[in-house]
Protein chains: 2
Amino acid sequence: MTNKTRERILHAASTLMEARGYNQVPVKEIAELAGVSEMTIFRHFETKMGILEALIQQQSYIPYFEHYFQTSLTFDVKKDLTDIAHQYLLYMNQNKVIFLISIQERGNLPELSNLITEANTNQLQSLLASYFDQLIEKGILKPFHSESQALIFLTTMFGYFVTTTISINHFLQDQQKMFIENYVETFLYGATM
Amino acid sequence: MTNKTRERILHAASTLMEARGYNQVPVKEIAELAGVSEMTIFRHFETKMGILEALIQQQSYIPYFEHYFQTSLTFDVKKDLTDIAHQYLLYMNQNKVIFLISIQERGNLPELSNLITEANTNQLQSLLASYFDQLIEKGILKPFHSESQALIFLTTMFGYFVTTTISINHFLQDQQKMFIENYVETFLYGATM
DNA sequence: TATGTTTGTTAGTGATAACTAACATTTTAA
DNA sequence: TTAAAATGTTAGTTATCACTAACAAACATA
């Protein structure tokens, strides 16, 4: 039962903190939603911060983008970029709670922001850039600065992620496919005639 | 002296809240930075929320993008888009504190998010879309769905804004010019040969 | 059944922070 | 100079909340 209790607590914490952040969710309320007593939480996690740390442990799964880039590329640019965009959003949505809390607690836990931005930019960006470099060599892409273009591509997807994350219904989740489709098209072929 | 005191308080509050948000900044600390006593703050603003409201009043200047679109367009697409991007970032940076707090307080003050996203998407997006429509008619742009393309363009700039806002030095401020330059280029002419 | 493990209950501690009250001091302007 | 307005000081109230202690109840498993 211990394990299920722990999961219920983490799930409750995640739900509440996604909506209201870390500081604004009292432990008592997490306990209520999880259907356990407050004491149980402290016995499991010691401190409130312990809950957050467990959440980070549980949610910030660092995907092997390396693996993806080594195995799943087809060098059909359109297909690849579309897929990368979806993969990226999948990853970011899994880290949504942590992302939101990292903004909120940026004063207290600056390391948290890095968890997101590290993987976000550093890792993915350089992988994407070297993919672009390969395409440049193949004569498919223009000989631009690949790092800059990777940054542009990921920045757009990041903007999409943030928009869907902070505003409830600003644009709907099932518009995602269309957004990516349109964006990849423009990114590759431009808006001009 | 009243006016200067008020300004000093608001300035101190803005500085501290930009770094650490609303809840995590005690009134006492705002008083210290402003060089006034805590009582003075309460005499000026009644409650802590009063400070935030005054900040919103002061900072969320809603720019007349309409005016801009009516007067400053040259229909040199590259030039226009570059300029629009800069204008947009200027606007967002003026609302930076409010943007950050709106994420943090999204549980308590959901209306706040709208201040940003309203002007952000609704107003600017449709203005940009109709600009695109004109360019499509002129045969300069492809006959795509203008709203979608406007969304893409603004989403990228929004992503850039959020990145520079939440991570201290993720990419530097003076890279802005280059980022916009690169992005406009790719947006217009695409990444492929 | 017996025993150890997990959970519940209750009452309380200590820290923080928003906000108030009352009075003293300084500053401003006529 | 003098009165009013603005600010400072201090001491305290109240509420919230993380966290603890001690004991009781439920539960699991051997």
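Bear in mind that the values here come from a model prediction, so they are computed numbers and not experimental data.
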- Message: C:dT7, OP1 or OP2 - any side-chain N/O from A:Thr40 closer than 4.0 Å?
- Response: no
- Query: What's the CD1-C1' distance between A:Ile41 and D:dA18, to the nearest Å?
  - Reply: 12 Å
- Rounded to whole angstrom units, what separation is found between the NZ atom of A:Lys28 and the C1' atom of D:dA15? 12 Å
- Task: Between B:Ser37 and A:Lys48, just flag the one whose closest nucleotide in DNA chain D comes earlier from the 5' side.
- Result: B:Ser37
- Report the C-alpha separation of A:Ser14 and A:Gln59 in whole Å, then their side-chain angles, then the decisive distance to 0.1 Å, and conclude whether the side-chain hydrogen bond (donor to acceptor under 3.5 Å, both in side chains) test is met. CA-CA 10 Å; A:Ser14 179; A:Gln59 296 195 7; 3.0 Å; yes
- Query: Roughly how many Å is it from NZ in B:Lys4 to C1' in C:dT27, rounded to a whole number?
  - Reply: 13 Å
- Query: What is the distance from CD of B:Glu7 to C1' of D:dA6, rounded to the nearest Å?
  - Reply: 16 Å
- Message: Take a 6.0 Å sphere around CD of A:Glu66 and say whether it holds more than 12 heavy atoms from other residues, nucleotides or ligands.
- Response: yes
- Query: For the side chain of B:Phe42, counting heavy atoms from C-beta on, which of C:dG8, D:dC19, C:dT20 is nearest?
  - Reply: C:dT20
- Task: Would you kindly give the CD-to-C1' distance between A:Glu46 and D:dT20, to the nearest whole Å?
- Result: 12 Å
- Query: Base, sugar-phosphate, or nothing for A:Gly50, non-hydrogen atoms under 4.0 angstrom?
  - Reply: nothing
- Query: For B:His44 and D:dT7, is the shortest distance between a side-chain N/O and OP1 or OP2 below 4.0 Å?
  - Reply: yes
- Ignoring backbone atoms, test whether A:Thr5 places a side-chain nitrogen or oxygen under 4.0 Å from the OP1 or OP2 oxygen of C:dT6. no
- Query: How close or far is atom P of D:dT16 from atom CZ of A:Arg20, stated in whole angstroms?
  - Reply: 14 Å
- Look at A:Arg43 together with A:Glu38 and state whether they make a salt bridge at an N to O cut-off of under 4.0 Å. no
- Query: B:Met39 has a side chain; which of D:dA18, C:dT9, C:dA21 sits nearest to it?
  - Reply: C:dA21
- Task: Group every Ile, Leu, Val, Met, Phe, Trp and Tyr by side-chain heavy-atom contacts under 4.5 Å, then state whether A:Met39 and A:Val36 land in the same group.
- Result: no
- Message: Rounded to whole Å, how long is the line connecting atom CD of A:Glu38 with atom C1' of D:dT16?
- Response: 12 Å
- Note on the structure: Among D:dA22, C:dA18, D:dC19, the one nearest any side-chain atom of A:Arg43 is D:dA22
- Below 6.0 angstrom between ring centroids: does that apply to A:Phe75 and A:Tyr131? yes
- Task: Nearest whole angstrom, please: distance from the P of C:dT9 to the CD of A:Glu32.
- Result: 12 Å
